[in-house]
Visitor: 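Submitted below is the structure of interest, expressed as structure tokens.
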Amino acid sequence: MTTIAYDDFAKVDIRVGTVRAARPLDGARKPAIVLEIDFGPEIGIKKSSAQLTTHYSPESLVGRQVAAVVNFPPRQIGKFMSQVLTLGFPDDGGSVVLIVPDKPVPNGGRLF
């Protein structure tokens, strides 16, 4: 494991947002869901492609809060441009389990 300075951690902008809409990503090589996430007035609404199909349906994600890195450059995934990186941990089989706050928090709150 490599150690980093707090200043390195502080460069990664991790925010919470609420999923406003979700749908399967058409044409993806690996099954994925497109999320439209509201990060509050400072950041606004961003889109993300996430490989969440093992544990989540698009319908189950609408209204949930998620955490995402909002300051990576956009990433092209097939014909879709992902604007943020939605965060999770792998389960025993390597499928993504979302990390979420255990109580509602304002959209746009920054992880510290």
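Residue numbers run from 1 in the order of the sequence given.
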Visitor: Apart from Val105 itself, what residues make up its hydrophobic cluster, given side-chain heavy atom links below 4.5 Å?
Guide: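 Reading the cluster by chain and number, Val105 sits alongside Val16.
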Visitor: Would a single hydrophobic cluster contain both Phe39 and Leu87, if residues Ile, Leu, Val, Met, Phe, Trp and Tyr are joined by side-chain heavy-atom contacts under 4.5 Å?
Guide: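 Hydrophobic grouping puts Leu87 apart from Phe39.
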Visitor: Between atom CD of Gln51 and atom CD1 of Ile33, what is the distance when rounded to the nearest 0.5 Å?
Guide: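 Interatomic distance, Gln51 CD to Ile33 CD1, rounded to 0.5 Å: 10.5 Å.
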Visitor: Between Pro24 and Pro58, is any pair of side-chain heavy atoms under 4.5 Å apart?
Guide: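 Yes; the side chains approach each other to less than 4.5 Å.
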Visitor: Let me know which of Ile14, Val84, Val12 forms a side-chain contact (heavy atoms from CB on, under 4.5 Å) with Val70.
Guide: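 When side-chain contact (heavy atoms from CB on, under 4.5 Å) is applied between Val70 and each of Ile14, Val84, Val12, only Val84 qualifies.
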Visitor: Taking a hydrophobic cluster as the set of Ile, Leu, Val, Met, Phe, Trp and Tyr residues connected by side-chain heavy atoms closer than 4.5 Å, whether directly or through intermediates, do Leu52 and Val100 fall within one such cluster?
Guide: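 In one cluster with Leu52: Val100, yes.
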Visitor: Quick one: does any side-chain atom of Asp13 pair with a main-chain N or O of Asn71 as donor and acceptor, under 3.5 Å?
Guide: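 Side chain of Asp13 to backbone of Asn71, a donor-acceptor pair under 3.5 Å: no, none is there.
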Visitor: Specify the closest pair of heavy atoms between Arg15 and Glu42, including all atoms of both residues, with the distance to one decimal.
Guide: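 In this case the closest contact between Arg15 and Glu42 is NH1-OE1, 3.4 Å.
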Visitor: Testing the basics here: between Ile99 and Phe89, what is the closest heavy-atom pair and its distance to 0.1 Å?
Guide: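 That would be CG2-CE1, 2.9 Å.
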Visitor: Does Gln83 use its side chain to pair, donor to acceptor, with the backbone of Lys47 at less than 3.5 Å?
Guide: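 It does hold such a pair.
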Visitor: Could you walk me through whether Thr53 and Lys30 pass the side chain to side chain contact (heavy atoms under 4.5 Å, CB included) test, one step at a time?
Guide: CA-CA 10 Å; Thr53 57; Lys30 295 181 180 178; over 6 Å; no
Visitor: Going by side-chain contact (heavy atoms from CB on, under 4.5 Å), Tyr56 matches just one of Val19, Val96, Leu61. Which one?
Guide: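 Answer to the side-chain contact (heavy atoms from CB on, under 4.5 Å) test with Tyr56 among Val19, Val96, Leu61: Leu61.
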Visitor: Going by the ring pair (Phe, Tyr, Trp, His ring centres under 6.0 Å) test, which pairs reach into residues 10-34, not counting sequence neighbours?
Guide: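 Sorted pair list comes back empty.
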Visitor: Quick one: closest heavy-atom pair of Ala50 and Thr86, and the distance?
Guide: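 Taking every non-hydrogen atom into account, CB-CB, 4.3 Å.
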Visitor: Roughly how far, to the nearest 0.5 Å, is the CG atom of Leu35 from the CD1 atom of Ile45?
Guide: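 Ile45 CD1 to Leu35 CG: 13.0 Å, rounded to 0.5 Å.
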Visitor: Return yes if some donor-acceptor pair links the side-chain N/O of Ser49 with the main-chain N/O of Ser82 below 3.5 Å, else return no.
Guide: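 No: the side chain of Ser49 does not pair with the backbone of Ser82.
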Visitor: For a quick test of reading the model, state the closest non-hydrogen atom pair linking Arg110 to Ala10 and the distance between them.
Guide: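 It is NH2-O, 2.6 Å.
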Visitor: Restricting to non-hydrogen atoms, name the atom on Pro101 and the atom on Gln65 that form the minimum distance, rounded to 0.1 Å.
Guide: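 Looking at all heavy atoms of both residues, the shortest contact is CG-OE1, 3.7 Å.
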Visitor: When rounded to the nearest 0.5 angstrom, what is the spacing between NZ in Lys11 and OH in Tyr6?
Guide: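 Reported to 0.5 Å precision, the distance equals 13.0 Å.
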Visitor: Of the non-hydrogen atoms in Ile37 and Ser48, which two are nearest, and what is the gap between them?
Guide: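 So the two residues come closest at CD1-CB, 4.2 Å.
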